[in-house]
Amino acid sequence: MEIIYKDDIMPDIDQIIDVYNSSIINRPTNDKERIKKMYSHSNLILTAWDNDKLVGISRSVTDFYYCCYLSDLAVRKEYQNRGIGKKLIELTKNKIGEQTALILISAPTAKDFYLKIGMQKIENGFIIK
């Protein structure tokens, strides 16, 4: 199995929802229009493919010069633990450059993954839900 990574394709919304539902990410997958708008307003989307099957995706909002918010990182359950998520983060970092901070909010079940791949935990974040 060779996974191909792409930065020049917008997957079909149904493919994205299928990946979300297969992974641990919690997104409003019952609201197709909302998912579609999430992607139309994002400016950095990277995908991982096994032939024609979407197996992983990362979605970010960035200015490419100061900060990048990695909104979504999802890998199909049956493809997890193969380095796909780590590679999508690496490719995101390559796209935004060394001068740009990569920021994300982790799902509770994914915290260990982010620490394992070398990301630093921050304590100075805030949120309005």
Stepwise, does the side chain to side chain contact (heavy atoms under 4.5 Å, CB included) test hold for I35 with Y20? CA-CA 10 Å; I35 299 289; Y20 284 174; 4.0 Å; yes
Output yes when a side-chain donor or acceptor of D50 lies under 3.5 Å from a complementary backbone atom of K53, and no otherwise. no
With heavy-atom distances below 4.5 Å as the criterion, would you say the side chains of D72 and R27 are in contact? yes
Are any non-hydrogen side-chain atoms of T92 and K87 less than 4.5 angstrom apart? no
Looking at Y79, is R76 sitting on its ring face, NZ or CZ under 6.0 Å from the six-membered ring centre and within 45 degrees of the normal? no
Using side-chain heavy atoms (C-beta onward) and a distance below 4.5 Å, is I84 in contact with I3? yes
Looking at T29 and N21, would you say the former's side chain and the latter's main chain have a donor-acceptor pair under 3.5 Å? no
Please check if atom CG in D112 has more than 12 non-hydrogen atoms from other residues, nucleotides or ligands closer than 6.0 Å. no
So which atom in G83 and which in Y5 form the shortest heavy-atom distance, rounded to 0.1 Å? O-OH, 4.3 Å
Please answer whether the main-chain N or O of K77 pairs with a side-chain N or O of S23 as donor and acceptor at a distance below 3.5 Å. no
For R82 and E78, indicate whether the former's side chain and the latter's backbone hold a donor-acceptor pair under 3.5 Å. yes
Do T62 and C67 come close enough that some side-chain heavy atom pair is under 4.5 Å? no
Between P11 and L54 the two heavy atoms that sit nearest each other are CB-CD2, 3.8 Å
Should K86 and Y114 count as side-chain neighbours, where that means a heavy-atom distance under 4.5 Å? no
D8 atom CG, neighbour heavy-atom count above 12 within 6.0 Å: yes
If we only count heavy atoms from C-beta on, is the L44 to K95 side-chain gap below 4.5 Å? yes
Spell out, as yes or no, whether a donor-acceptor pair under 3.5 Å connects the side chain of Q99 to the backbone of F64. yes
Could you tell me if the side chain of I45 sits less than 4.5 Å from the side chain of S58, heavy atoms only? no
State whether the side chain of K93 and the backbone N or O of L88 hold a donor-acceptor pair below 3.5 Å, judged by distance alone. no
So M10 and I16, side chain to side chain contact (heavy atoms under 4.5 Å, CB included) or not? Walk me through it. CA-CA 9 Å; M10 169 60 83; I16 295 168; 4.3 Å; yes
Would you indicate whether the side-chain heavy atoms of I9 and T47 approach each other to under 4.5 Å? yes
Can you tell me if T100 uses its side chain to pair, donor with acceptor, with the backbone of I96 under 3.5 Å? yes
